[in-house]
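Below, read A as the first sequence line, B as the second, and so on, with proteins coming before strands; counting in each chain starts at 1. Computation of the quantities below employed the complete heavy-atom set of this structure, encompassing side-chain atoms and omitting hydrogens, waters and symmetry-equivalent molecules. What you see is a predicted model, and the numbers here were worked out from it, not measured in a lab.
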Amino acid sequence: AQECQNLEMEKQRRMERIKQKRAQLQELLLQQIAFKNLVQRNQQNEQQNQGAPALNSTIKLPFIIVNTSKRTVIDCSISSDKFEYLFNFDNAFEIHDDIEVLKRMGMSFGLESGKCSPEDLRLAKSLVPKALEGYITDMSTGSSWVNQGLLCNSA
Amino acid sequence: SCLTPRTALLYKFNGSPSKSLKDINNMIKQGDQR
Amino acid sequence: KEVIEKLRHLKAEIEELELKEKELDQQKLWLQQSIKNVMDDSVNNRFSYVSHEDICSCFKGDTLLAIQAPSGTQLEVPIPELGQNGQKKYQITLRSRSGPIHVLLINKD
């Protein structure tokens, strides 16, 4: 009975680790989908517009975005070699990386929130290795892995 | 051994995960609410 | 008899979980390499940009700073504290060791 209890705890620990690793894998998949989708979009746009957009109207990846209210006063000090910056804000701000921006642009087809149309699901699957398509299907319905597959029967 | 008090959160370009930025945003939000 | 049966079941489950975990580790390594290859590809690199309108549409009405910095650049945000005038101070420090940092102000009237 004691061994049972120990094994039960071991099982819970492993399940928790698997849950975290699965979430990390899904995040990596979203990154790949968002990036490839962005590249495809830009390629199509340049073909339609018959040229690249002006350099000063675009920002190349990777980048991060700091956003704050329009009313915020920002004080900026820069070293002469531009190796150091200091920003002082009189109001709160948020920081987001480029992948977060791509998600907000819809480049990951709404998979991160489990809201993905069948057509978008097909497109998303085309952007990842075939062996990992199952994870995309799970994300599109927001379903939890614990309810499926190997743990379903034993539960 | 004593831990150095945390007075700041760090993020490394091309090194830290997105979670680090989320932690920073939560810290700012909590400071704002207080 | 029940406990022995349960023990057998648990051991089998743990074996399956171990296999699943190894599979996930392998898939993660594979995917990380795949992402690196995709991003390093010269054609993909040429088209990996967003427009100012793209960013502004994600953060409507806010003042935005876009920061591009070399790998390893450190961004530090101290815990907000009250200044001498009673107002909260929010700060960001950027430090690079390998190249200049570029900051672009977007959407400021």
Side-chain angles (χ1 to χ4, degrees), chain A residues 1 3-4 7-8 10-11 14-15 17-18 21-22 24-25 28-29 31-32 35-36 38-39 42-43 46 53 57-70 72 74 76 78 81-93 95 98 101-102 104-105 129 131-132 150-151 154, chain C residues 3 6-7 9-14 16-18 20-21 24-25 27-28 30-32 34-35 38-39 43-44 47-52 54-55 57-59 61-69 75 77 80 87-97 99-104 106 108-109:
Chain A
E3 196 181 349
C4 256
L7 286 181
E8 186 62 50
E10 170 72 17
K11 177 185 153 184
R14 284 183 183 265
M15 277 173 62
R17 269 207 315 266
I18 286 172
K21 288 183 178 183
R22 188 180 166 86
Q24 286 168 6
L25 192 67
L28 287 172
L29 284 167
Q31 278 185 35
Q32 174 144 326
F35 184 82
K36 279 184 160 182
L38 175 76
V39 165
N42 289 339
Q43 278 176 320
E46 287 196 21
S57 67
T58 59
I59 297 167
K60 272 197 72 68
L61 272 61
F63 60 83
I64 64 167
I65 294 287
V66 178
N67 67 300
T68 185
S69 161
K70 276 172 74 163
T72 303
I74 307 173
C76 177
I78 311 172
D81 57 5
K82 290 194 173 179
F83 275 48
E84 287 191 28
Y85 280 68
L86 170 63
F87 293 98
N88 280 301
F89 301 76
D90 69 349
N91 208 342
F93 57 80
I95 312 178
D98 43 16
V101 172
L102 293 188
R104 290 185 182 212
M105 285 166 60
L132 302 179
L150 87 99
L151 285 181
S154 47
Chain C
V3 172
K6 191 178 174 191
L7 202 59
H9 236 295
L10 277 169
K11 284 183 180 174
E13 279 181 340
I14 286 174
E16 283 184 61
L17 286 170
E18 194 176 338
K20 181 66 187 172
E21 193 172 352
L24 280 167
D25 287 337
Q27 287 171 338
K28 186 181 165 188
W30 183 34
L31 194 50
Q32 279 171 333
S34 170
I35 288 173
V38 162
M39 289 188 170
V43 172
N44 290 341
F47 293 103
S48 62
Y49 57 80
V50 296
S51 67
H52 294 176
D54 287 332
I55 299 180
S57 65
C58 298
F59 302 98
D62 276 356
T63 290
L64 306 169
L65 297 171
I67 303 174
Q68 292 167 310
L75 181 150
V77 177
Q87 205 170 14
K88 262 235 165 80
K89 279 168 50 179
Y90 302 88
Q91 212 175 62
I92 295 178
T93 312
L94 292 165
R95 282 191 199 91
S96 162
R97 292 184 185 197
I101 300 168
H102 299 290
V103 178
L104 184 64
I106 308 174
K108 178 75 172 153
D109 290 334

Given side chains that start at C-beta, do those of A:Arg104 and C:Phe59 come closer than 4.5 Å, heavy atoms only?
yes

Within-4.5 Å side-chain heavy-atom neighbours: C:Val38 and A:Val39
no

Please check if the side chain of A:Asn42 supplies one atom and the backbone of C:Tyr49 the other of a donor-acceptor pair under 3.5 Å.
yes

With the side chain counted from C-beta on, respond yes when A:Phe83 and C:Ile101 share a heavy-atom pair under 4.5 Å apart, and no when they do not.
no

Which atom pair, heavy atoms only, marks the closest approach of C:Trp30 to A:Pro129?
CH2-CB, 3.9 Å

Counterpart residues, side-chain contact (heavy atoms from CB on, under 4.5 Å), relative to A:Arg17 (two or more places apart)
A:Arg14, C:Glu21

State, yes or no, whether a side-chain contact exists between C:Phe47 and A:Glu46 at a heavy-atom distance under 4.5 Å.
yes

Heavy-atom contact with chain C under 4.5 Å, split by part of A:Leu61
both

Establish, from distance only, whether the side-chain atoms of A:Gln32 and C:Ser34 form a donor-acceptor pair under 3.5 Å.
yes

Specify which of C:Leu31, C:Ile55, C:Val43, C:Leu75 makes the most heavy-atom pairs with chain A at under 4.5 Å.
C:Leu31

Side chain from CB out, backbone as N, CA, C, O: work out which of these in C:Ser51 comes under 4.5 Å of a heavy atom of chain A, or both, or neither.
both

Among C:Leu24, C:Asn44, C:Ile92, C:Ile35, which residue has the highest count of heavy-atom pairs closer than 4.5 Å to chain A?
C:Ile92

Among A:Asn91, A:Leu86, A:Thr68, A:Leu29, which residue forms the greatest number of heavy-atom pairs with chain C at distances under 4.5 Å?
A:Thr68

For A:Ser69 versus C:Thr63, what's the shortest heavy-atom pair and its separation?
O-OG1, 3.9 Å

Whether the A:Lys60 and C:Gln68 side chains hold a donor-acceptor pair (N or O, under 3.5 Å, no angle test) is what I'd like checked.
no

Restricting to non-hydrogen atoms, name the atom on A:Cys4 and the atom on C:Val3 that form the minimum distance, rounded to 0.1 Å.
SG-O, 3.8 Å

Max heavy-atom pairs within cutoff under 4.5 Å with chain A, candidates C:Arg97, C:Met39, C:Lys6, C:Gln32, goes to C:Met39

Can you say whether C:Val77 sits under 4.5 Å from chain A via the side chain, the backbone, both, or neither, judging by heavy atoms?
side chain

Interface moiety of A:Glu8 toward chain C, non-hydrogen atoms closer than 4.5 Å
both

Is the closest basic N to carboxylate O distance between C:Asp25 and A:Lys21 below 4.0 Å?
yes

What option among A:Asp98, A:Ile74, A:Leu132 has the most heavy-atom pairs under 4.5 Å with chain C?
A:Leu132

Can you measure from CG (A:Leu25) to NZ (C:Lys28) and round to the nearest 0.5 angstrom?
8.5 Å

Salt bridge (charged side-chain N to carboxylate O under 4.0 Å, His left out) with C:Asp54: which residues, sequence neighbours excluded?
A:Arg41

Taking side chain as C-beta onward, heavy atoms only, is C:His52 less than 4.5 Å from A:Thr58?
no

Measure across A:Lys70 and C:Gly61 and return the closest heavy-atom pair with its distance rounded to 0.1 Å.
CG-O, 2.6 Å

Validation row: C:Leu94, A:Phe87 side chains within 4.5 angstrom (heavy atoms)
yes

Top of C:Leu7, C:Leu104, C:Val50 for chain A proximity - count of heavy-atom pairs under 4.5 angstrom:
C:Val50

Chain C contact via A:Gln24 - side chain, backbone, both or neither, heavy atoms under 4.5 Å
side chain

Please report the closest heavy-atom contact between C:His102 and A:Tyr85, naming both atoms and the distance.
CA-OH, 4.4 Å

For chain C, find which of A:Asp90, A:Ile78, A:Asp81 contributes the most heavy-atom pairs closer than 4.5 angstrom.
A:Asp90

Is the closest side-chain heavy-atom distance between C:Leu17 and A:Met15 below 4.5 Å?
yes

